[in-house]
Each structure stands twice: as C-alpha cells, then as structure tokens.
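Counting starts at 1 for both ligands and their atoms, following the listed order.
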Amino acid sequence: MAFDLFSLKGKNALVTGSQVGLGAGIAVGFAQAGANVVVHGIDNNGIDDVCAAVQAAGARAARIIADVSSAQACEDLVEFTVRELGSIDILVNNAGIIRRAPAAEFSAKDWADVLEVNLTAVFRLCQLAGRRMLNQGSGKIINIASLLAFQGGVTVPSYAAAKGGVAQLTKALANEWASKGINVNAIAPGYMATNNTAALRADPVRSRQILERIPAGRWGTPQDLAGTAVFLASAASDYVHGHVLVVDGAWMAR
Ligand code: NAD
C-alpha cells in the first residue's frame, strides 16, 4: 500500500538539467520508483552515465541536448518527451545557473541570463507541459527553487530574484491548476555539493561559515533530493499544491 502510493510506474518524466548534479539525482530516483525519464542537458557531459543509471533501474531513458534559454528549445523538449515516451506526466524544472558579483557592479548580461534560464524558461516549460497535462487531466510539476526564494543571499541578486519568482510562480500556477488534476509544487534545496556551489565550497571562510550554520552538519547531496521529488511526483502528494518544500538539513529552522 505505502509502496504503491509512492510508485511512479508507467509515468513519463522530463527532468531538465539532469545531466549532472541535483537533476541527475532526481532522474535516477524517479527511475528507481518506476518512471521513464528524459535526461536533458546543455551538452553531453554526464548524460551517458545518467541514462545508464536510469536503465539499470529498469526504466526507459531518452536523451536530449537543448538550451532552455531558447523558446523553441523548450517546445522541442516537451515535444520530444511526448514523442519518445508517449506522454509528459511529470515535469521537473531543475536547469539553473548562478552568477556572483556585488550588486553595484552586477552586469546587465548576468541579470538577463539568470532570469532567462531560472525563471522565464521555467514559466515556458510549465505552460507547455501544463497544456498537455490539462488535456490529459493529470500531471505533476516540480520547480526547483532555492533557500534564496526566502533569503536574499550574498552577491547573487539575479539568482535570488529569479528563485523568489519561481516560488511565486509555483503558487500562481497551483491556484489555476489544482482543480484540474495538476499538482504544482517547488523544492527549495539548501546548500548542496554540486557545481552550483563549487565557488562557495572552494572559499575556506564561506565554506566553514555555511557548514557551521547547517544543523545537519553536512552539505546536501543529489540523493538527498530524490525522495522528496518522488513524493511530489507521486500519488502520495495528490493534495499538496503550491508548496515550497525546503530540503536543507534544518538551515531555515536555525
Ligand atoms: P549544476 O550546475 O550541477 O546543474 C545545473 C544544471 O542545469 C546542469 O545540468 C546544466 O546542464 C543545466 N543548465 C544550466 N543552464 C542551462 C541551459 N541554458 N539550458 C539547459 N540546461 C541548462 O547545479 P545543481 O546544484 O545541480 O543545480 C540544479 C538546480 O538546483 C538549479 O536550479 C539550482 O539553482 C538549484 N539549487 C541548487 C542548490 C545547491 O546548493 N547546489 C541550492 C538551491 C537550488
């Protein structure tokens, strides 16, 4: 019974940016729960390994390279998922970038690039997948936000603005689609050991300060997100809508 509640058997998922990092952890977690997965990246780096892990779990893997800052590429991604797997039942908007500089010197390009990938592409993909889900009367959308949906961060103004926007977009879409069989939720990961935080972890002072503030006493890993994503993609969360779920080793509780 409990196992069935969390099963993704027969479901088809698109996980953006799943070539490495948190997206790879989610893609493999989905496969272990029974879902077929489109493994996506901006280049080939890591894609073979993630596809192999999805297949080793007994699920189908389809791969695609696309830059989500292009509107056409977002359309291609959703079309590809439906063509290769037969439907899009689960969308995880995980692809994201970060640029660091003091606000007074922050470039227009670093503002625009981050808003495009971390917020505009998220809306585009929600809209494109959402139309399909409205037609089929069911679907699960999970947007990857950040603790910087709640906090301002340090020298990452475009990232904090975009992630705050992701949290609000998640709620806005949930209000429209909750009655149509579509769950829209977000995960706000804490400080996770991936490329996204490589600069922080390489800075001995920031790295120590961050670690000292995490009650769990360690950085998170991609595997730490897999169970949360499976929950939000499964029937176990059918009455959970518009929620931003922190997975942060108790950072926000401190
Ligand atoms: P990562 O840098 O390892 O992965 C980012 C992924 O996004 C990569 O797979 C990359 O291919 C993809 N991507 C980036 N730009 C793209 C583009 N233009 N088109 C297509 N794909 C693109 O970092 P990560 O930590 O695994 O990040 C995954 C998500 O988690 C991001 O949205 C990030 O903001 C968020 N997040 C990370 C942390 C953390 O501590 N690592 C914390 C909170 C939120």
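The backbone N or O of R60 lies less than 3.5 Å from a partner atom in the side chain of N36, making a donor-acceptor pair. Side chain of S70 to main chain of A73: a donor-acceptor pair is present (N/O by atom type, distance under 3.5 Å, no hydrogens or angles). When atom types are taken as modelled, the side chain of N118 and the backbone of I97 share a donor-acceptor pair closer than 3.5 angstrom. Between the side chain of S107 and the backbone N or O of D110, at least one donor-acceptor pair lies under 3.5 Å. A donor-acceptor pair under 3.5 Å links the side-chain atoms of H40 to the main chain of A66, judged by distance alone. The main-chain N or O of W111 is never found under 3.5 Å from a side-chain atom of S158 such that the two would form a donor-acceptor pair.
Looking at T197 next to ligand 1, no N or O pair under 3.5 Å apart turns up. Residue-to-ligand polar distances place G96 within reach of ligand 1: an N/O pair is separated by less than 3.5 Å. Taking distance alone, with nitrogen or oxygen atoms compared against 3.5 Å, D67 approaches ligand 1 more closely than that limit. Any N or O atom pair closer than 3.5 Å counts here, and T194 shares at least one such pair with ligand 1. An N or O contact shorter than 3.5 Å links L22 to ligand 1 by distance. In terms of polar-atom proximity, defined here as any N/O pair under 3.5 Å, G21 makes no such contact with ligand 1. Annotation: S69 places no N or O atom under 3.5 Å from an N or O atom of ligand 1; distance criterion only. Remark: ligand 1 and I97 share no N or O pair separated by less than 3.5 Å (distance only, no angle test).
Each of the atoms 43 (C), 44 (C) of ligand 1 lies under 4.0 Å from some heavy atom of A145. Shown in contact with S146 at under 4.0 Å from a heavy atom are these atoms of ligand 1, numbered in order with element: 43 (C), 44 (C). Those atoms of ligand 1 with a heavy atom of Y191 less than 4.0 angstrom away are 40 (O). Of all the atoms in ligand 1, the ones that sit under 4.0 Å from a non-hydrogen atom of I42 are 11 (O), 16 (C), 17 (C), 18 (N), 19 (N), 20 (C), 21 (N). Here is the list of ligand 1 atoms found below 4.0 Å of a heavy atom in P189: 42 (C), 43 (C), 44 (C). Here is the list of ligand 1 atoms found below 4.0 Å of a heavy atom in H40: 20 (C), 21 (N). Short contacts between ligand 1 and A66, defined as distances under 4.0 Å to a heavy atom of the residue, involve ligand atoms 19 (N), 20 (C). Ligand-side atoms of ligand 1 in range of I144: 29 (C), 30 (O), 35 (C), range being under 4.0 angstrom from any heavy atom.
Only the side chain of V117 comes within contact range of ligand 1, with a heavy atom under 4.0 Å; no backbone atom does. Within the 4.0 Å heavy-atom criterion, neither part of P222 lies near ligand 1.
For the atom pair CD (Q136) and CD1 (I88), the distance works out to 8.5 Å, reported to the nearest 0.5 Å. Taking CG from L173 and CG from N183, the interatomic distance works out to 12.5 Å, rounded to the nearest 0.5 Å.
For atom 28 (C) of ligand 1, the closest heavy atom belonging to the protein is N94 OD1, 3.1 Å. Taking atom 4 (O) of ligand 1 as the reference point, the nearest protein heavy-atom neighbour is V20 CG2, 4.0 Å. Among all non-hydrogen protein atoms, the one lying nearest atom 9 (O) of ligand 1 is G17 O, 2.8 Å.
In this structure, A121 falls outside the shell of residues with a heavy atom less than 4.0 angstrom from ligand 1. The closest approach between any non-hydrogen atom of W219 and ligand 1 is not below 4.0 Å. By the 4.0 Å heavy-atom criterion, A188 is excluded from the residues contacting ligand 1. The shortest heavy-atom distance from K163 to ligand 1 is under 4.0 Å.
One hydrophobic cluster, built from ILVMFWY side chains closer than 4.5 Å, cannot hold both L128 and I90; they sit in different ones.
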Next item on the list: Would you please test K140 and D238 for salt bridge (charged side-chain N to carboxylate O under 4.0 Å, His left out) and show each step?
Entry: CA-CA 9 Å; K140 299 272 184 178; D238 275 354; 2.7 Å; yes

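Taking all atoms of both residues into account, the shortest heavy-atom contact from I144 to V166 is O-CG1, 4.3 Å. K171 and V244 make their closest contact through CE-CG2, 4.3 Å (heavy atoms, listed as atom of the first residue, atom of the second, distance).
The residues R124 and E116 are annotated as salt-bridged, a charged nitrogen and a carboxylate oxygen being separated by less than 4.0 angstrom. The pair E79-R132 counts as a salt bridge, with a side-chain nitrogen and a carboxylate oxygen less than 4.0 angstrom apart.
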